[in-house]
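One-based numbering, in listed order, for ligands and for the atoms of each. What you see is a predicted model, and the numbers here were worked out from it, not measured in a lab. Index from 1, following the sequence.
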Amino acid sequence: MEIRRTKIVDAVKMTTYDVKVNVKGWVRTKRGNKNVSFIALNDGSTINNIQIVADASKFSEELMKDVTTGACLSVVGTLVKSMGAGQAVEIQADSIEIYGKADPNEYPLQKKGHSFEYLREIAHLRPRTNTFGAVFRIRHNMAMAIHTFFHQKGFFYFHTPIITASDCEGAGQMFQVTTKNLYDLKKDENGSIVYDDDFFGKMTSLTVSGQLEGELGATALGNIYTFGPTFRAENSNTPRHLAEFWMIEPEMAFYDIKDNMDIAEEFIKYCVKWALDNCADDLQFLNNMIDKTLIDRLKSVIDCEFVRLPYTEGIKILEDAIAKGHKFEFPVYWGCDLASEHERFLVEQHFKRPVILTDYPKEIKAFYMKQNDDGKTVRAMDVLFPTIGEIIGGSEREESYDKLMARIKELNIPMKDMWWYLDTRKFGSCPHSGFGLGFERLLLFVTGMQNIRDVIPFPRTPKTAEF
Ligand code: ATP
Ligand code: MN
């Protein structure tokens, strides 16, 4: 009789013994002696392996020789209570079918303890390691948390385009999209490239943010969020930047900056709590292996109230620290863009909890942020987190057509392709707010991993586009 496959996540929790089960998965390790082999099998459904006990009397030497680390097996046997330490149940194998061998001389994941740098070079296989299995299961769970949070709040998932013709934001750090023959570019008399014969008939790029289109959604549907890939050709080789990352961008009609801060805080806490509730095994593993303070840090974020502080006061705190002898790599003065060392000082050393910094100088923030009456600052809000620095960037948006236009002129922003954005301020303009959360920054925090390349399956960074 055919026995249906049981996932290992379910098999290790079974409490009815002496039943026949079938499990399938990849061999993590095999040990034993000439009478019996113990095979640790994992199918990716959980961090836990199931132990297969294979009596030498039942299996040919030839078959057992091919049961090596990395090989893929289907095992039928009896689930029994385990006598050994380390697992509650094990499977006494009746039959073992080898789906795919893995030559021990070639399979790269032999011994444990490969460095993360090395594992990035074999990113096609690293999901089979304990650490990356845990990270990618948590990644899935965080995506589910995000959709659930917004859906329950009545937000609509609004899909914004990935190919865009607006170059007003992040010019210079955009990846161009073209079907033109790069060896034979059509140019005008000034030597500028002519795009009229290109696929879209104009210069197009991969999006750096879905926000502007998100505002179109919010000013029609009320509350929306985007959750999609975002591209930035910033040549910054840091542990916190990717060229291709995922961003969540909620945009809310009739929200002011306070409402914006409230929902940002509630949202992050919801995601972190979701991880604690739904990813306990994986978090425990990461806590043991990567960062002994991880789970405590996650719990502390849920339990505390985030500090809300104007930028100007943040600068004062940093200047005080310098006066008392604290050394920063980058200078601090009113008007400076904060480096992550400054953000982390405020969060980790001064307040010892997350900080929402507000009312930044307008010069270091985007043109669409709502201008304060002081003429110097805008209603921006960045959420700063321990170990990460900026995790969220957001603001109340400028809803006045005249003020927005004045700022656009001041900054010389090319708006010729942006008439549709300005229409939101012309027709039924309304107060509204939104923010962007970098999905991988959230994952850095939740997993305790140190490098953003290690929380996305196939990272894209300068000079790296393998797999
Ligand atoms: P940073 O100063 O850290 O480069 P930013 O000010 O450029 O961030 P925003 O443009 O406000 O960031 O983007 C919103 C969010 O997207 C950030 O708060 C961050 O979480 C995330 N983010 C921005 N750039 C990257 C990147 N290159 N890789 C991964 N996440 C990013
Ligand atoms: Mn940036």
List the steps and the verdict of side-chain contact (heavy atoms from CB on, under 4.5 Å) for Asn237 and Lys463. CA-CA 10 Å; Asn237 251 313; Lys463 304 282 178 286; over 6 Å; no

Classify the angle between the aromatic ring planes of Tyr311 and Tyr360 as parallel (below 30°), tilted (30 to 60°) or perpendicular (above 60°). tilted

Mutual orientation of the aromatic rings belonging to Phe116 and Phe132 [parallel < 30°, tilted 30-60°, perpendicular > 60°]: perpendicular

I'd like to check which ligand 1 atoms, numbered from 1 as shown, lie under 4.0 Å from a non-hydrogen atom of Ile392. 18 (O)

Please work out whether the ring planes of Tyr225 and Phe150 are parallel, tilted or perpendicular, with thresholds of 30° and 60°. parallel

Member of Asp282, Thr293, Leu294 meeting the side-chain contact (heavy atoms from CB on, under 4.5 Å) criterion with Asn287: Leu294

So is there a nitrogen or oxygen of Met247 less than 3.5 Å from a nitrogen or oxygen in ligand 1? no

Taking the inter-plane angle between the rings of Phe175 and Phe231 on a 0 to 90° scale, is it parallel (under 30°), tilted (30 to 60°) or perpendicular (over 60°)? perpendicular

So, regarding Phe245 and ligand 1 (criterion: nitrogen or oxygen to nitrogen or oxygen, under 3.5 Å), is there a contact or not? no

When you measure from the heavy atoms of Arg240 to every atom of ligand 1, does any distance fall below 4.0 Å? yes

Would you mind telling me if ligand 1 is within reach of the side chain of Arg232, the backbone, both or neither, using heavy atoms under 4.0 Å? side chain

Within ligand 1, which atoms have a heavy atom of Gly393 less than 4.0 Å away? 18 (O)

Touching ligand 1 at all, Glu440? Heavy atoms, strictly under 4.0 Å? no

Would you indicate whether the side-chain heavy atoms of Ser429 and Ser400 approach each other to under 4.5 Å? no

Looking at ligand 1, does Ile452 have a heavy atom less than 4.0 Å from it? yes

Would you kindly specify which portion of Val208 sits under 4.0 Å from ligand 1, judged on non-hydrogen atoms: side chain, backbone, both or neither? neither

